[in-house]
Amino acid sequence: MAQPTYMKNLEVFKSDNYKRITRYSLAAIPLLGTLLFYILHRLEVPFGVTEIIAFGTACVALLTLINFSRNIDIIQNHHLKSLEISKNQYSFNIVAESHKDYIARSFKAFRELDKKLDLAKLPIDKLLAFLEENQNLESEIVQVLNYFEHISLLIKKNHVDEEIIKDSFKTLFIRVYALTRNFIHHSQTQKSHTIWSEFVSTAKKWSNN
C-alpha cells in the first residue's frame, strides 16, 4: 500500500531541516571560531593549540549529535512504516477470512433464515421459539456475531486499519445489526450487557457516518 502523503511530507520536512541545520552549522563553525579567537586575541586572553583543538572537538561533537538525531528519526520512521504495512496486511487477512468455509457457511445460513422469517420484523419471542427448535441455526447467528465482534475489537485496539475493514464490511455490518438487534438486546438482557457490544458500537458508528 502506498505511503500516506502526510508521512511523506513529514519525512521531507525532517530531512530538509537536518540538511539545513548541518549546512548552517558547517558555515557557522569557522566564522564563530575566527570571531571567538579574534576576540580572545584582542582581549589579550592567552590561548594556544589546545584551546583550538578543544573548540574543533566541540564542533565535531555538535555535528555528530545532529547526525545521530537524524538517524534516530530515520529508524523511527522505518519502524512506523513497518507497523503500518503489518497492520494493513493483517486487515486484508481479516477480510479474506470471511471467505473461509465456516464463516461463509454461517453467512449463508443467516441469509436463508432472514428470507424465511424476515428477521427485522419478527418478534423476539417467535424468533426464540423457532431457534429453540433449530438450535443449529442459533449457533450460526452466534458465529456471525462473534466474528463481527472480533473484528470490532481489533478496530478498537487499532490492530487493523478501520478504513480497509469499513470498505469491505460496512454494508454487511449495518445489515446484520439491523436484523439481529432484538436478538442482541435479548442476549444482553439475559446474559451480559457487554455481549457483542463492540459490534453494536461499530455498526452504529458506521451507520451514522
Side-chain angles (χ1 to χ4, degrees), residues 1-8 10 79-209:
M1 176 169 288
Q3 185 181 3
T5 302
Y6 76 90
M7 288 191 67
K8 291 181 180 179
L10 181 61
H79 180 63
L80 291 175
K81 285 182 187 177
S82 298
L83 288 177
E84 188 72 19
I85 292 172
S86 298
K87 186 166 74 170
N88 289 343
Q89 184 59 56
Y90 187 40
S91 303
F92 286 120
N93 290 341
I94 291 296
V95 173
E97 189 176 340
S98 65
H99 300 291
K100 290 184 177 179
D101 289 343
Y102 75 102
I103 290 295
R105 183 180 64 248
S106 295
F107 281 144
K108 181 180 179 180
F110 184 82
R111 286 193 297 268
E112 290 176 350
L113 181 63
D114 178 42
K115 289 180 181 179
K116 184 175 183 178
L117 299 178
D118 193 4
L119 295 175
K121 299 178 181 179
L122 188 68
I124 186 62
D125 56 335
K126 292 185 178 181
L127 174 61
L128 294 175
F130 182 84
L131 294 178
E132 183 67 26
E133 298 175 0
N134 302 272
Q135 295 187 3
N136 63 310
L137 291 178
E138 181 176 4
S139 67
E140 300 296 354
I141 294 177
V142 170
Q143 175 89 329
V144 170
L145 293 175
N146 284 345
Y147 176 61
F148 283 159
E149 177 73 2
H150 172 65
I151 293 176
S152 300
L153 283 170
L154 291 175
I155 293 173
K156 180 181 179 179
K157 298 298 183 181
N158 200 33
H159 292 320
V160 294
D161 186 287
E162 182 172 357
E163 290 304 313
I164 293 176
I165 302 298
K166 185 178 179 181
D167 287 344
S168 301
F169 288 127
K170 178 181 178 180
T171 301
L172 194 55
F173 259 62
I174 295 172
R175 178 64 175 164
V176 169
Y177 173 62
L179 297 178
T180 59
R181 184 182 302 159
N182 291 338
F183 180 74
I184 292 174
H185 177 71
H186 172 79
S187 299
Q188 289 178 338
T189 302
Q190 298 298 319
K191 298 176 182 179
S192 170
H193 71 279
T194 61
I195 189 170
W196 303 312
S197 59
E198 293 303 327
F199 162 61
V200 172
S201 176
T202 302
K204 286 182 176 179
K205 180 177 68 173
W206 289 356
S207 179
N208 291 334
N209 290 339

Inset, instruction - Determine the minimum heavy-atom distance between L122 and N182, stating which atoms define it. - result: O-ND2, 3.9 Å
Inset, instruction - Calculate, to the nearest 0.5 Å, the distance between atoms CH2 and OG belonging to W206 and S152 respectively. - result: 6.5 Å
Inset, instruction - Indicate yes or no: at least one non-hydrogen side-chain atom of F130 is less than 4.5 angstrom from one of K116. - result: yes
Legend entry - F173 CZ to F199 CZ distance, which is reported to the nearest 0.5 Å: 6.0 Å
Inset, instruction - Could you check whether the rings of F107 and Y147 sit parallel, tilted or perpendicular, using 30° and 60° as the cut-offs? - result: perpendicular
Inset, instruction - Would you mind checking if K205 and E162 are paired as a salt bridge, meaning a charged N to carboxylate O distance below 4.0 Å? - result: yes
Legend entry - Any side-chain heavy-atom pair of L179 and F110 under 4.5 Å: yes
Legend entry - Note, V200 side chain near R181 side chain (heavy atom, < 4.5 Å): no
Inset, instruction - State, to 0.1 Å, how close R105 and E140 come at their nearest heavy-atom pair, and which atoms those are. - result: NE-OE2, 3.8 Å
Inset, instruction - State, yes or no, whether a side-chain contact exists between Q135 and L131 at a heavy-atom distance under 4.5 Å. - result: no
Legend entry - Heavy-atom closest pair, residues A203 and I174: O-CG1, 4.0 Å
Inset, instruction - Measure across S139 and N136 and return the closest heavy-atom pair with its distance rounded to 0.1 Å. - result: OG-O, 2.5 Å
Legend entry - Side-chain heavy-atom pair L128, I124 within 4.5 angstrom cut-off: yes
Legend entry - K108/D101 salt bridge by N-O under 4.0 Å criterion: no
Inset, instruction - Taking S98 for its side chain and I94 for its backbone only, find out whether a donor-acceptor pair lies under 3.5 Å. - result: no
Legend entry - Interatomic spacing from CD in E97 to NE2 in H150 - rounded to 0.5 Å: 6.5 Å
Legend entry - Chi angles and distances behind the side chain to side chain contact (heavy atoms under 4.5 Å, CB included) call for K87, N158: CA-CA 9 Å; K87 186 166 74 170; N158 200 33; 3.2 Å; yes
Legend entry - Exercise: identify the closest heavy-atom pair between E149 and T194: OE2-O, 4.4 Å
Inset, instruction - Evaluate side-chain hydrogen bond (donor to acceptor under 3.5 Å, both in side chains) for Q89 paired with N93, printing each intermediate quantity in order. - result: CA-CA 6 Å; Q89 184 59 56; N93 290 341; 3.2 Å; yes
Legend entry - Main-chain N/O of F183 paired to S187 side chain as donor or acceptor, under 3.5 Å: yes
Inset, instruction - May I have the step-by-step check of side chain to side chain contact (heavy atoms under 4.5 Å, CB included) for Y177 and T202, ending in yes or no? - result: CA-CA 10 Å; Y177 173 62; T202 302; over 6 Å; no
Legend entry - Inter-residue atom distance I165.CD1 - K170.NZ, 0.5 Å rounding: 14.5 Å
Inset, instruction - Find out whether T180 and W196 are in side-chain contact, i.e. whether some heavy atom of one side chain is under 4.5 Å from a heavy atom of the other. - result: no
Legend entry - From S197 atom OG to L153 atom CG, the distance as rounded to the nearest 0.5 Å: 7.5 Å
Legend entry - Heavy-atom side-chain proximity of L113 to I141 below 4.5 angstrom: yes
Inset, instruction - Can you establish whether the number of heavy atoms outside D118 located under 6.0 Å from its atom CG is more than 12? - result: yes
Inset, instruction - Please report the C-alpha distance between I184 and I195 in whole Å, then the side-chain angles of each, then the deciding distance to 0.1 Å, and finally whether the side chain to side chain contact (heavy atoms under 4.5 Å, CB included) criterion is met. - result: CA-CA 8 Å; I184 292 174; I195 189 170; 5.6 Å; no
Legend entry - Euclidean distance, Q143 CD relative to Y102 OH, rounded to 0.5 Å: 6.5 Å
Inset, instruction - Work out which heavy atom in E84 is nearest to a heavy atom in D161; give both atom names and the distance. - result: OE2-OD2, 4.1 Å
